[in-house]
Amino acid sequence: MKRNKRNILVIKTGFSELLDRGISITVSLGDVLMCTALLHYFQDDRVTWVTSWEARWLLQGNPMIHELLFFGPRTLNQVSGSSYDIMVNLEKDIGICTFLSNVKAKKKYGFYFNERSYSISTRRKIDQYLLAGQENHRHINKSFLEILAETVEQNWEGQGPILPPNGKVRERYDVGFNYAVGSKWPTKAWPKKHWQKLEKLLGKKYRISWQKGHRDLRRYTEWIGQCRILVTSDSLGQAIGQALGKNVVSLFGPTNDHRMRKIHNVTVIPSPLKCPFRPCYLPYCKHKDFCMDEISPAVVASTCERLLS
């Protein structure tokens, strides 16, 4: 017997990251995109999604989102005047959480403002580690997508992020170098000399392309679609490549590589450096050696050749 469609409200703007306790005015686009994996669990329902204006292109045209709203006073007033079967709040901003306490929903997941402790809490005790900061998650051996599924009481079976269809893009390159990183964590960057060494190791046999369109999401996504393999640090390109079904080689140093392990099409190469601070999530390095510097171009090249063969 087919059940009635449920009304689902998802709040994911990117001002905070699901696995980081910080709040920022810089929108984490990769975090927004990864959270679209939630849509698999609500594919038979009617989904309203509240996001930031900066993240709109990642969600516009998605057939599994029935109403896309942009964060602001008008939108918050609109959702507070509606009722939902399920509300999923993936933002830990105290203002957003406080306002959403007035939203009527039969079931609520994610973050909320706890009036007893005057702090942000999670709806389920099992999700408490989401508030600790990813740098304190060393004991957790789960991927981002596993944790996301558990947040809404679902079992993760490989469901990944979803990008709206953008036409067919012809592959022009064998390997794309997604070398740039955001300003929040510059320590995620693999040294330029290593990228250049990787080009020498692969360039005679394969078609190489350096990152294009990083400041234009449409062009950037199109460029990733043109690559058979994407070599990247822990960044937005990693999420886009995975959503497009590309083979993604992800280089990890200061951030937790468990976030992307066991995810389809993603091969994780962590730094071999034994650093007592990792994962540190710091914008600067406190160790005498830099973890990203220790990832060997030869190891990355060997991984790419294996995937291309």
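- Criterion: ILVMFWY side-chain heavy atoms under 4.5 Å apart, direct or through other members. Under it, V249 and F144 are not part of a common hydrophobic cluster.
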Under the criterion side chain to side chain contact (heavy atoms under 4.5 Å, CB included), I'd like the reasoning laid out for Y179 against V181: C-alpha separation, chi angles, the key distance, then a yes or no. CA-CA 7 Å; Y179 63 90; V181 299; over 6 Å; no
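- No salt bridge links R172 with E222; every basic N to acidic carboxylate O contact stays at or beyond 4.0 Å.
- Counting only heavy atoms from C-beta outward, the side chains of I269 and V300 approach each other to under 4.5 Å.
- Counting only distance, with no hydrogens or angles, the side chain of H194 and the backbone of S296 share no donor-acceptor pair below 3.5 Å.
- Nearest heavy-atom pair, T221 versus L244, reported as atom, atom and distance to 0.1 Å: O-CD1, 3.8 Å.
- Tracing side-chain contacts under 4.5 Å through hydrophobic residues (I, L, V, M, F, W, Y), one never reaches V231 starting from V248; they form parts of separate clusters.
- For N77, the CG atom sits in a packed shell: over 12 heavy atoms of surrounding residues, nucleotides or ligands are nearer than 6.0 Å.
- Interatomic distance, NE2 of H66 versus CZ of F42, reported as 12.5 Å (0.5 Å rounding).
- Atoms OH and CD, from Y109 and E150 in turn, are 13.0 Å apart once rounded to the nearest 0.5 Å.
- Side-chain polar atoms of S235 and N178 form a donor-acceptor pair below 3.5 angstrom.
- Proximity of a side-chain donor or acceptor of N247 to a complementary backbone N or O of I229 within less than 3.5 Å is not detected.
- Judged by distance alone, the side chains of Q78 and E67 do bring a donor and an acceptor atom under 3.5 Å apart.
- Here D293 pairs with K193 in a salt bridge; the nearest charged N to carboxylate O distance falls below 4.0 Å.
- Taking the six-membered ring for Trp, Y173 and Y206 have ring centres at least 6.0 Å apart.
- Between L145 and M260 there is no side-chain heavy-atom pair separated by less than 4.5 Å.
- In this structure, F252 is not a member of the same hydrophobic cluster as I295, with clusters built from ILVMFWY side-chain heavy atoms closer than 4.5 Å.
- A perpendicular orientation is assigned to the rings of W210 and F177, their planes being inclined by more than 60° (bins at 30° and 60°).
- The CG atom of L236 sits 6.0 Å away from atom CG of L217, with the distance rounded to the nearest 0.5 Å.
- For the pair K286/C280, no side-chain contact is recorded, criterion being any heavy-atom separation below 4.5 Å from C-beta on.
- For T75 (side chain) and G72 (main-chain N/O), no donor-acceptor pair under 3.5 Å exists by modelled atom type.
- The pair D45-K5 fails the salt-bridge criterion, with no side-chain N (NZ, NE, NH1 or NH2) lying under 4.0 Å from an Asp/Glu carboxylate O.
- For Q159 (side chain) and E157 (main-chain N/O), a donor-acceptor pair under 3.5 Å exists by modelled atom type.
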Hey, can you pull the donor-acceptor pairs under 3.5 Å for the side chains in residues 301-309, sequence neighbours left out?
| residue | atom | partner | partner atom | Å |
| --- | --- | --- | --- | --- |
| T303 | OG1 | V299 | O | 2.9 |
| S309 | OG | E305 | O | 3.3 |
| S309 | OG | R306 | O | 2.8 |

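- When all heavy atoms of M292 and G253 are compared, the closest pair comes out as SD-N, 3.3 Å.
- Residues T48 and N7 fail the side-chain proximity criterion, which asks for heavy atoms closer than 4.5 Å.
- A salt bridge links R259 with D234: the closest approach of a Lys/Arg side-chain nitrogen to an acidic carboxylate oxygen falls below 4.0 angstrom.
- Using modelled atom types, no side-chain atom of R215 and backbone atom of Y220 make a donor-acceptor pair closer than 3.5 Å.
- The two residues L100 and M87 have their closest heavy-atom pair at O-CE, 4.0 Å.
- At a cut-off of 3.5 Å, with distance as the only test, no side-chain donor of T232 or Q238 sits close to an acceptor on the other residue.
- Under the 4.5 Å side-chain criterion, counting only non-hydrogen atoms from C-beta, I86 is not in contact with L9.
- The side-chain contact (heavy atoms from CB on, under 4.5 Å) test with D257 singles out one residue from P279, P270, S250, S143, and that residue is P270.
- Annotation for C35 and L90: closest pair SG-CD1, 3.7 Å, computed over non-hydrogen atoms.
- Neither side chain, S271 nor E294, offers a donor N or O lying under 3.5 Å from an acceptor on the other.
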Evaluate the side chain to side chain contact (heavy atoms under 4.5 Å, CB included) criterion for residues W190 and L251: first the C-alpha distance (whole Å), next the side-chain angles of each, then the deciding distance (0.1 Å), finally the verdict. CA-CA 8 Å; W190 201 35; L251 314 180; 3.5 Å; yes
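- For the residue pair W223 and S209, a side-chain donor N or O sits within less than 3.5 Å of a side-chain acceptor on the partner.
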Could you give me the CA-CA distance, side-chain angles and deciding distance for E146 and K262, then say whether side chain to side chain contact (heavy atoms under 4.5 Å, CB included) is met? CA-CA 9 Å; E146 283 181 281; K262 298 185 288 184; 3.2 Å; yes
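- At a threshold of 4.5 Å between non-hydrogen side-chain atoms, the residues R278 and P254 do not count as touching.
- In terms of modelled atom types and a separation under 3.5 Å, the side chain of N265 and the main chain of Q242 share no donor-acceptor contact.
- Inspection of the N102 and S80 side chains reveals no N or O donor paired with an N or O acceptor under 3.5 Å.
- Side-chain contact between I8 and R46: absent, with no pair of heavy atoms (C-beta onward) separated by less than 4.5 Å.
- Between the side chain of K246 and the main chain of C227, a donor-acceptor pair closer than 3.5 Å is present.
- Rounding to the nearest 0.5 Å places CD of E91 at 8.0 Å from OG1 of T51.
- Remark: of the listed residues L69, L39, T13, L39 is the sole one forming a side-chain contact (heavy atoms from CB on, under 4.5 Å) with W49.
- Between W57 atom CH2 and D216 atom CG the span is 8.5 Å, to the nearest 0.5 Å.
- Scanning both residues, A239 and G30, for their nearest heavy atoms gives CB-O, 4.1 Å.
- The structure places CZ of R219 at 12.5 Å from CD1 of I224, a figure rounded to the nearest 0.5 Å.
- The main-chain N or O of R56 is never found under 3.5 Å from a side-chain atom of W53 such that the two would form a donor-acceptor pair.
- Put simply, the side chain of V50 reaches to within 4.5 Å of the side chain of V79, judged on heavy atoms.
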Where do N89 and I96 land on the side chain to side chain contact (heavy atoms under 4.5 Å, CB included) test, with the steps shown first? CA-CA 9 Å; N89 175 32; I96 294 176; 4.2 Å; yes
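- Across all their heavy atoms, V152 and Y41 have their closest contact at CG2-CD1, 4.3 Å.
- The residues R6 and D85 are annotated as not salt-bridged, no charged nitrogen and carboxylate oxygen being separated by less than 4.0 angstrom.
- Residues V175 and I240 do not share a hydrophobic cluster, clusters being chains of Ile/Leu/Val/Met/Phe/Trp/Tyr side chains in contact below 4.5 Å.
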